[in-house]
Amino acid sequence: GRSNHAHLAAMSQKQILQVFETYQKARTTFVQTVADLASRPQNVPALQQAGVMALLRPLLLDTVPTIQQTAALALGRLADVSDDLAAAVVTGDILPQLVYSLAEQNRYYKKAAAFVLRTVAKHSPELAQAVVDSGALAALVACLEEFDPGVKESAAWALGYIARHTTGLAQAVVDNGAVPQLILCLQEPEISLKRIAASSLSDIAKHTPELAQTVVDAGAIAFLSQHVDASDAKLKRQVFSALSQIAKHSVELAEMVVEAEVFPGVLPNLKDSDEYVKKNVATLVREVCKHTPELAQLIVNAGGVAAIVDYVNNTTENSRMPGVMALGFIAAFNERLAMAVIASQGVSALAASLREESQDHLQAAAVWALGQVGRHSAEHAQHVAEAGVLPLLMQMTGSSNEDLRNKATRSLNNILQKCTHMAALQSILANAPAPIVALVVGQFARILPQDPKARRLFVTSGGLKKIQEIKSEPGTPLAEAIATINACFPEEIVKYYSPGYSETLLQRIESYQPA
């Protein structure tokens with residue numbers, strides 16, 4: 001009977017192991033299924049209601065590595081979709097566990113843990129701060145030194161998501177030594193790692209001149225500008241974004257970008273098939289040319305104005321915006337630069353933007369840019385007037401949007417004060433509000449005394465008649481301007497076009513006694 005007894009004992013040992021194997025299979029199936037379900041956002045609310053967070057948490061410490069990794073992946077996917085669940089990662093004390101794993105575990109787990117940190121940090125500055133407070137930065141920067149490119153990429157991505165929120169968070173990323181490591185990642189062969197490194201450098205540089213300077217001092221410009229001709233569109237997007245975020249802050253930083261000799265080489269990318277590559281190059285041009293007449297002239301000399309005009313003509317909506325603004329910045333500096341914009345058909349491109357775009361901020365940008373072109377001299381104003389935009393500008397001075405209203409009023413004033421284009425001035429007079437009427441009449445008062453041809457046209461086109469219909473308070477500049485205009489014509493002509501004059505004539509007929 002003893003062998004039978006041993007047999008039973010052996011059976012039960014196997015059965016005991018079977019219990020553990022069954023449980024491990026169940027955990028494996030559970031965690032893989034949850035990770036799959038979590039990859040579709042519409043499943044997340046149901047998972048949340050079923051209490052998924054509390055069940056995943058112990059699995060992060062599972063004895064089986066694949067279960068640990070899949071649990072982290074599932075958590076990351078949940079946190080990615082829902083800021084509630086991202087906050088639950090913080091309140092559920094999961095962060096310290098993840099940070100510990102970043103330092104200790106294998107590369108698969110490191111990737112998954114960095115993914116969770118990224119998805120938590122992305123939602124808000126508060127959640128990103130919680131990730132920082134858990135000690136994640138040092139561990140993430142250490143991951144940038146790992147051999148495995150996937151671990152580097154996952155860590156670089158998390159660091160960028162933390163840095164993008166605020167100056168303080170970006171500074172914390174910098175203080176943990178991330179910048180030199182990110183620049184080393186730019187030099188690695190893997191395209192996806194280069195992309196994320198450029199994107200994270202952009203997220204650091206964007207906040208302040210000091211942070212941008214830190215990125216520049218570590219040698220970023222040279223390694224970024226090596227990739228302006230990359231064949232990968234997503235890498236180019238990030239490179240142009242990072243260069244823009246550096247150049248935007250100051251003359252010195254913009255000059256450093258220019259000294260890397262990216263112009264005129266980057267301009268053909270304004271025709272790139274990728275929408276974001278195009279937009280980011282246009283943004284780079286804008287961020288360089290806005291600082292000084294010298295930098296604007298450099299863009300002009302590189303053929304940049306014609307390239308940007310072409311870009312504005314071939315884009316719409318928000319993509320158009322940086323191109324429109326670049327033309328405005330270049331034209332703003334001086335007569336010669338504004339003439340360069342005119343010579344490259346910039347006015348008609350801006351006029352087209354004004355007519356075709358319906359959003360207030362896009363219209364405001366076009367209105368502003370046209371004002372910068374037209375405000376320099378009579379010749380500049382004439383080019384803007386001939387594009388037929390003055391009535392449109394006038395219409396926009398009545399916009400319900402305050403910014404658009406102010407920009408339209410200012411641009412129209414600046415152009416009108418220089419404008420000597422009779423037909424354009426008259427086209428506005430018909431239904432202008434009072435302040436604009438005064439401006440236009442003031443311009444007529446300047447032009448007509450000097451120009452006999454203009455005087456004749458002013459009568460035949462109905463201008464003089466219109467002037468007689470304007471009500472003005474005695475002693476105002478408007479009344480004086482009207483008097484100056486009327487003094488340019490014989491008295492009987494002025495009378496003839498005065499309101500009620502035909503009535504007076506008819507009365508004279510009645511009271512006239514034939515001889």
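Both tests hold for R164 against Y161: distance to the six-membered ring centre under 6.0 Å, angle to the ring axis within 45°.
Among E146, E188, E145, the one residue that satisfies the salt bridge (Lys or Arg N to Asp or Glu O under 4.0 Å) test with K152 is E188. Among K278, K279, K236, the one residue that satisfies the salt bridge (Lys or Arg N to Asp or Glu O under 4.0 Å) test with D272 is K236. Only one option out of L412, N406, V367 pairs with T397 in a side chain to side chain contact (heavy atoms under 4.5 Å, CB included); it is L412.
In this view, H376 and H380 satisfy the ring-ring contact (aromatic ring centres under 6.0 Å, His included) rule, not counting sequence neighbours.
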_Audit row: E317, R320, salt bridge (charged side-chain N to carboxylate O under 4.0 Å, His left out) steps and yes/no_ = CA-CA 6 Å; E317 297 189 1; R320 217 172 205 173; over 6 Å; no
*Would V141 and Q181 count as a side-chain contact (heavy atoms from CB on, under 4.5 Å) if you check the C-alpha gap in whole Å, the side-chain angles of each, and the deciding distance to 0.1 Å?*
CA-CA 7 Å; V141 173; Q181 291 301 327; 4.2 Å; yes
_I204 vs T214, side-chain contact (heavy atoms from CB on, under 4.5 Å): CA-CA, chis, key distance, verdict_ = CA-CA 9 Å; I204 293 169; T214 306; over 6 Å; no
*Check the pair V437 / V440 against side-chain contact (heavy atoms from CB on, under 4.5 Å), numbers first and verdict last.*
CA-CA 5 Å; V437 167; V440 175; 6.0 Å; no
*Carefully, step by step, assess E153 and R195 under the rule salt bridge (charged side-chain N to carboxylate O under 4.0 Å, His left out).*
CA-CA 9 Å; E153 188 183 316; R195 280 181 201 155; over 6 Å; no
*So K194 and D232, salt bridge (charged side-chain N to carboxylate O under 4.0 Å, His left out) or not? Walk me through it.*
CA-CA 10 Å; K194 287 181 197 285; D232 181 72; over 6 Å; no
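Between atom CG of residue L193 and atom CD of residue Q187 there is a gap of 11.0 Å, rounded to the nearest 0.5 Å. Going from atom CG of L390 over to atom CG of L370 covers 9.0 Å, rounded to the nearest 0.5 Å.
Between the side chain of N280 and the backbone N or O of R237 there is at least one donor-acceptor pair closer than 3.5 Å. Side chain of N176 to backbone of A178: no donor-acceptor contact under 3.5 angstrom is found.
Residues L60 and Q68 have side chains not in contact (no heavy-atom distance under 4.5 Å, counting atoms from C-beta outward). Two residues are said to be in side-chain contact when any heavy atoms from C-beta on lie closer than 4.5 Å; E255 and L295 meet this criterion.
Side-chain contact annotation: Q363 with Q359, donor-acceptor N/O pair under 3.5 Å absent. For the residue pair H165 / D203, no side-chain donor-acceptor distance below 3.5 Å is found, with atom types taken as modelled. No side-chain donor from either of Q417 and R375 sits under 3.5 Å from a side-chain acceptor of the other.
Heavy-atom neighbours of E402 CD from other residues, nucleotides or ligands within 6.0 Å: at or below the threshold of 12. Heavy atoms from other residues, nucleotides or ligands lying under 6.0 Å from CD of E190 number more than 12.
Applying the side chain to side chain donor-acceptor pair (under 3.5 Å) definition to pairs two or more places apart or across chains, those involving residues 133-142 are Q129-D133. Pairs of residues two or more places apart, or lying in two chains, that qualify as side chain to side chain donor-acceptor pair (under 3.5 Å) and include a residue from residues 71-86 are D80-K122.
Taking the six-membered ring for Trp and thresholds of 30 and 60 degrees, W368 and F329 have ring planes more than 60 degrees apart, a perpendicular arrangement.
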